[in-house]
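In what follows, a structure is listed as structure tokens, so that the remarks can point back to it.
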Amino acid sequence: MCGIVGYIGSKPVADILLDGLEQLEYRGYDSSGIAVKTETSINVYKAEGKLNNLRSELALHSDEFNKSNMGIGHIRWATHGAPTVVNAHPHTCNCGSLVVVHNGIIENYKELRLELESEGCIFKSQTDTETVAHLVALMYAEVKDLTKAVQLATKKIQGAYALCIMHNNEPDKIVVTKRNAPLIIGLNDDGYYIASDVPAFIKHTKKAVYLNDNQVATLSAKDFILEDENGFEISPKIEVLPWEPVALSKMGYKHFMLKEIHEQPDVIRNILVGKLHTPDSQIILNEVKLNKDTLKNLNRIQVIACGTSLHAAMIGKYIVEDFCGIPVDVEASSEYIYRKTVTDEHTLVIGVSQSGETADTLTAIKQSKARGSHILIITNRPDSAMAREADSLIPVNAGIEVSVAATKSYIAQLTSFYLLAIYMAEIKGSMSVSELVNLKAEMLLLPQKIEQILSNKTVIQDCARKFASTRDFIYIARGINYPTALEGALKLKEISYINATGYPAGELKHGPIAMLDETMPVLSILMKGFVYEKLLSNSEEAKARNARMIALTNSNDPKLNDLFEVIIKVPEVIEVLSPIVAMIPLQLLAYYIAEFLGKDVDQPRNLAKSVTVE
Ligand code: AGP
């Protein structure tokens with residue numbers, strides 16, 4: 001988490017930094033700051049809260065830095081120390097000559113801090129980052145060269161970092177380095193751009209160098225030198241980024257989340273183009289690099305992911321096991337990395353991630369890669385760190401997702417999983433031709449069905465209004481829609497802060513049913529199919545405890561009218577594809593509840609879009 005930016009060149013720096021930070025707000029938004037080099041000093045400006053607060057702060061001081069062409073900036077998601085001005089970056093050494101911005105976690109910061117304090121360093125913040133400022137400043141005092149000082153200091157640092165550092169005695173130099181955190185340098189005729197992620201500078205240049213771990217780059221307005229941690233020069237690999245600057249616009253919607261929900265029919269259409277043409281044509285999935293014999297004989301798959309991507313992975317398990325008969329284990333990456341997992345070269349490991357950057361998933365992927373597994377990545381960011389680890393890469397092409405609550409990327413991950421599972425089933429011959437034709441025909445109809453839901457939201461809005469003041473919310477489902485219940489609950493809690501939980505409906509009677517009374521809403525995801533009747537009975541059980549019952553259903557069953565206070569209808573769909581159709585009203589319900597409550601829908605408290613710390 002956290003985003004860092006920097007610029008050195010011929011243009012005024014302040015707007016470049018602020019615009020860059022705005023593009024990185026998905027990485028955190030609890031405080032921000034910049035440092036700019038003026039003729040005589042380095043000036044630091046910081047503000048608590050959203051980036052607009054920093055903009056207002058800077059407006060008061062523009063005369064101090066409007067001629068500056070060199071600076072660094074930071075947007076924070078607090079890990080060590082509360083989100084206050086004091087803890088906001090940039091951090092400085094005792095005398096303020098050296099400034100640093102940092103993304104990552106310095107794991108040995110406590111030991112370093114004690115050591116540095118004993119050498120006279122006076123700490124102002126509670127952050128891990130401030131140790132870097134003091135440490136590099138001490139090294140600089142010895143070697144009088146910022147690059148060398150950074151190389152020496154990073155040898156003492158444990159943990160993950162991307163760092164951007166300036167020193168007042170070196171008026172034409174920014175030094176940057178990284179380990180296990182992203183850092184990219186953009187190259188242009190006017191100068192050099194530094195950022196945690198491409199959107200921060202893509203409107204200025206498409207030429208870029210992705211730094212590898214432990215490399216140190218020294219940038220001046222006209223020059224760029226890349227070295228390893230021991231000072232040996234390396235020739236940089238310059239890439240031309242396949243990106244277009246995107247004007248991040250809400251397109252008339254009140255929030256990005258609502259816009260992204262409405263983009264979902266087109267997201268599915270875009271994924272299917274070129275891969276699924278007609279119900280009787282075979283799936284084309286050239287992205288899968290495993291040869292067909294290996295695929296045919298696969299006897300185990302592991303899927304690792306976090307949050308919403310984990311829920312997509314759980315549905316992936318249902319469909320791969322159902323279509324292909326291959327056993328699939330799904331695990332939260334954060335658990336997977338700290339136990340003795342049984343993974344080898346005969347296991348296909350699938351990593352699912354919107355950002356392709358989530359630290360836990362990235363670590364899990366690296367661990368399984370080291371054990372020889374084929375790594376298949378399903379991500380919305382084909383340029384991400386995870387994509388770089390992939391043996392097979394399936395980009396989900398949902399387009400940039402701005403809202404912290406994932407919506408369209410989830411539907412894109414699910415669609416990609418269906419394609420992958422059908423592709424494997426076709427190779428294995430594990431489904432009949434008529435089953436395949438029916439399934440593909442239904443998939444091609446999904447965009448229209450979602451459009452139908454989006455064109456009539458009244459019942460969902462009324463339901464949201466009715467239940468907006470509830471303290472708790474329960475979602476129940478069975479079978480393939482159990483992960484839908486989890487995802488519906490996650491959407492609601494992350495943007496409305498209501499305590500929402502998803503349960504497999506059969507588990508209610510094993511404990512959670514004790515919580516039910518006339519104040520508790522229970523939303524039952526009742527899709528026609530194998531478990532419909534069972535779930536109906538579980539809903540009856542909940543109703544018998546006076547819970548306030550809501551149905552999300554594609555059934556016209558008259559029995560539902562007596563059982564449910566609210567019925568949200570969705571179009572008919574085969575059970576195996578119902579998680580896609582069922583999710584849309586749940587996204588909308590969460591959205592409208594949060595909106596009625598006046599919450600910050602796109603940037604909910606305490607969260608960040610990209611979780612790059614463990
Ligand atoms: C989703 O709404 C969340 N913001 C979060 O759970 C997210 O899905 C999770 O952090 C994983 O992110 P990733 O898909 O980028 O790996």
Side-chain angles (χ1 to χ4, degrees), residues 1-3 24-29 77 182 196-197 199 255-258 260-261 264 303-316 330-337 350-366 375 377-390 393-414 416-417 483-484 486-498 500 502 583 586-591 594 599-614:
M1 351 271 273
C2 301
L24 298 185
E25 265 192 303
Y26 72 90
R27 305 178 73 89
Y29 37 76
W77 184 86
S196 302
D197 196 3
H255 295 100
F256 280 108
M257 182 178 176
L258 193 58
E260 286 158 5
I261 291 172
Q264 294 178 116
V303 195
I304 38 193
C306 299
T308 289
S309 299
L310 178 63
H311 300 150
M314 290 169 79
I315 291 174
V330 179
E331 194 164 352
S333 319
S334 51
E335 289 300 313
Y336 183 93
I337 54 182
I350 304 179
V352 189
S353 174
Q354 188 286 128
S355 63
E357 249 203 287
T358 302
D360 290 323
T361 308
L362 185 58
T363 308
I365 291 300
K366 287 181 178 170
I375 304 294
I377 299 291
I378 298 179
T379 181
N380 198 27
R381 290 296 302 268
D383 59 331
S384 60
M386 262 179 241
R388 282 160 191 267
E389 297 292 327
L393 173 64
I394 303 188
V396 303
N397 296 329
I400 288 193
E401 188 174 65
V402 176
S403 183
V404 164
T407 53
K408 62 176 180 171
S409 63
Y410 175 71
I411 293 299
Q413 289 166 348
L414 286 186
S416 303
F417 251 120
T484 311
L486 297 178
E487 177 58 11
L490 177 62
K491 285 289 87 83
L492 184 62
K493 63 188 143 198
E494 69 180 330
I495 61 171
S496 71
Y497 321 142
I498 290 171
M583 195 57 224
L586 299 183
Q587 295 168 343
L588 288 166
L589 182 65
Y591 171 79
K599 302 294 185 206
D600 191 343
V601 172
D602 287 329
Q603 294 185 330
R605 71 184 183 201
N606 304 341
L607 295 179
K609 182 89 185 143
S610 215
V611 183
T612 60
V613 292
E614 274 186 21

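All ligand and atom numbering here is 1-based and tracks the order in the structure. The shown structure was predicted, so the numbers you read here are calculated from the model rather than taken from an experiment.
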Taking only heavy atoms of Ala405 into account, list the atoms of ligand 1 that are under 4.0 Å away from them. 2 (O)
Do any nitrogen or oxygen atoms of Ser353 lie less than 3.5 angstrom from nitrogen or oxygen atoms of ligand 1? yes
Quick one: does Glu357 get within less than 4.0 Å of ligand 1, heavy atoms only? no
For ligand 1, note which part of Glu494 has a heavy atom under 4.0 Å away: side chain, backbone, both or neither. side chain
May I ask whether Thr361 has any heavy atom positioned less than 4.0 angstrom from an atom of ligand 1? no
Look at atom 11 (C) of ligand 1 and find which of Ala359, Pro604, Gly307, Cys306 reaches it with the closest heavy atom. Cys306
Pair Gln264-Thr407, side-chain donor/acceptor within less than 3.5 Å: no
Looking at non-hydrogen atoms alone, which of Ser384, Ser409, Ala312, Ser309 comes nearest to atom 14 (O) of ligand 1? Ser309
among protein heavy atoms, the one nearest atom 13 (P) of ligand 1 is Thr358 OG1, 3.2 Å
Is it true that the side chains of Gln354 and Ser309 contain a donor and an acceptor less than 3.5 Å apart? no
Closest protein heavy atom (residue, atom, distance) for atom 10 (O) of ligand 1: Val611 CG2, 3.7 Å
Kindly say whether Ala305 contributes a backbone atom to a donor-acceptor pair with the side chain of Tyr336 at under 3.5 angstrom? no
